[in-house]
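For reference, the structure is listed below as structure tokens.
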Amino acid sequence: MSILDLSGQQAAYNLIAPKIQDLKEKMDLRKQIWDKLPASKKIAWIQSDKDPIMGLAWTVYKYLRNNFFGSETDEYL
């Protein structure tokens, strides 16, 4: 069994958390438009590579969904 060393995580958190907050704020700027789009236009937006923030958010979402969170955890969170 592997051992996970979580020492130094607060320092990592302190570096990462402001960047995550900034990403959330940037995503909030898109939210009003996003909510009005049909699924086909949302997909086109992500796939266009014209919006690097949306592309980054999509990449992070897929990574977390595929590696840590999925439908089995949705009902508990």
Side-chain angles (χ1 to χ4, degrees):
M1 182 164 97
S2 298
I3 297 174
L4 178 61
D5 179 7
L6 294 176
S7 63
Q9 295 303 291
Q10 187 63 50
Y13 172 87
N14 292 343
L15 289 172
I16 296 167
K19 294 177 185 342
I20 297 296
Q21 182 59 41
D22 190 36
L23 175 61
K24 288 167 61 177
E25 290 169 6
K26 299 271 188 286
M27 292 301 295
D28 286 344
L29 296 174
R30 293 153 172 78
K31 182 81 167 100
Q32 190 174 15
I33 295 168
W34 182 261
D35 288 343
K36 294 178 183 178
L37 295 176
S40 61
K41 293 203 179 212
K42 290 176 181 180
I43 292 167
W45 185 351
I46 292 166
Q47 292 177 338
S48 74
D49 290 331
K50 293 179 182 177
D51 185 349
I53 296 296
M54 185 62 79
L56 174 63
W58 182 248
T59 299
V60 170
Y61 166 76
K62 287 190 311 182
Y63 174 79
L64 293 173
R65 181 198 63 206
N66 293 338
N67 293 284
F68 293 93
F69 311 112
S71 60
E72 75 275 2
T73 57
D74 289 347
E75 63 187 83
Y76 301 107
L77 298 175

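Criterion: ILVMFWY side-chain heavy atoms under 4.5 Å apart, direct or through other members. Under it, Phe68 and Leu56 are part of a common hydrophobic cluster. Ile20 and Ile53 fall into different hydrophobic clusters, defined by Ile, Leu, Val, Met, Phe, Trp and Tyr side-chain heavy atoms under 4.5 Å apart, directly or through other members. When hydrophobic clusters are built by joining Ile, Leu, Val, Met, Phe, Trp and Tyr residues whose side-chain heavy atoms come closer than 4.5 Å, directly or via intermediates, Val60 is not grouped with Ile16.
The number of heavy-atom neighbours closer than 6.0 Å to CD of Glu25, taken from other residues, nucleotides and ligands shown, is above 12. With a 6.0 Å radius and a threshold of 12 heavy atoms from other residues, nucleotides or ligands, Lys41 has its NZ atom at or below the threshold. Heavy-atom neighbours of Ile33 CD1 from other residues, nucleotides or ligands within 6.0 Å: at or below the threshold of 12.
Remark: side-chain polar atoms of Asp22 are not paired, donor with acceptor, to backbone N or O of Pro18 under 3.5 angstrom.
Between atom CG of residue Leu64 and atom OG1 of residue Thr59 there is a gap of 11.0 Å, rounded to the nearest 0.5 Å. A distance of 12.0 Å separates CE in Met27 from OH in Tyr61, rounded to the nearest 0.5 Å. From Lys19, atom NZ reaches atom CG of Leu15 across 7.0 Å, with rounding to the nearest 0.5 Å.
Ion pairing between a basic and an acidic side chain is recognised when a charged N comes within 4.0 Å of a carboxylate O; Lys31 and Asp35 show such pairing.
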side-chain contact (heavy atoms from CB on, under 4.5 Å) between Met54 and Lys26, intermediate numbers included: CA-CA 9 Å; Met54 185 62 79; Lys26 299 271 188 286; over 6 Å; no

Please step through side-chain contact (heavy atoms from CB on, under 4.5 Å) for the pair Arg30 and Trp45, ending with a clear verdict. CA-CA 11 Å; Arg30 293 153 172 78; Trp45 185 351; 3.9 Å; yes

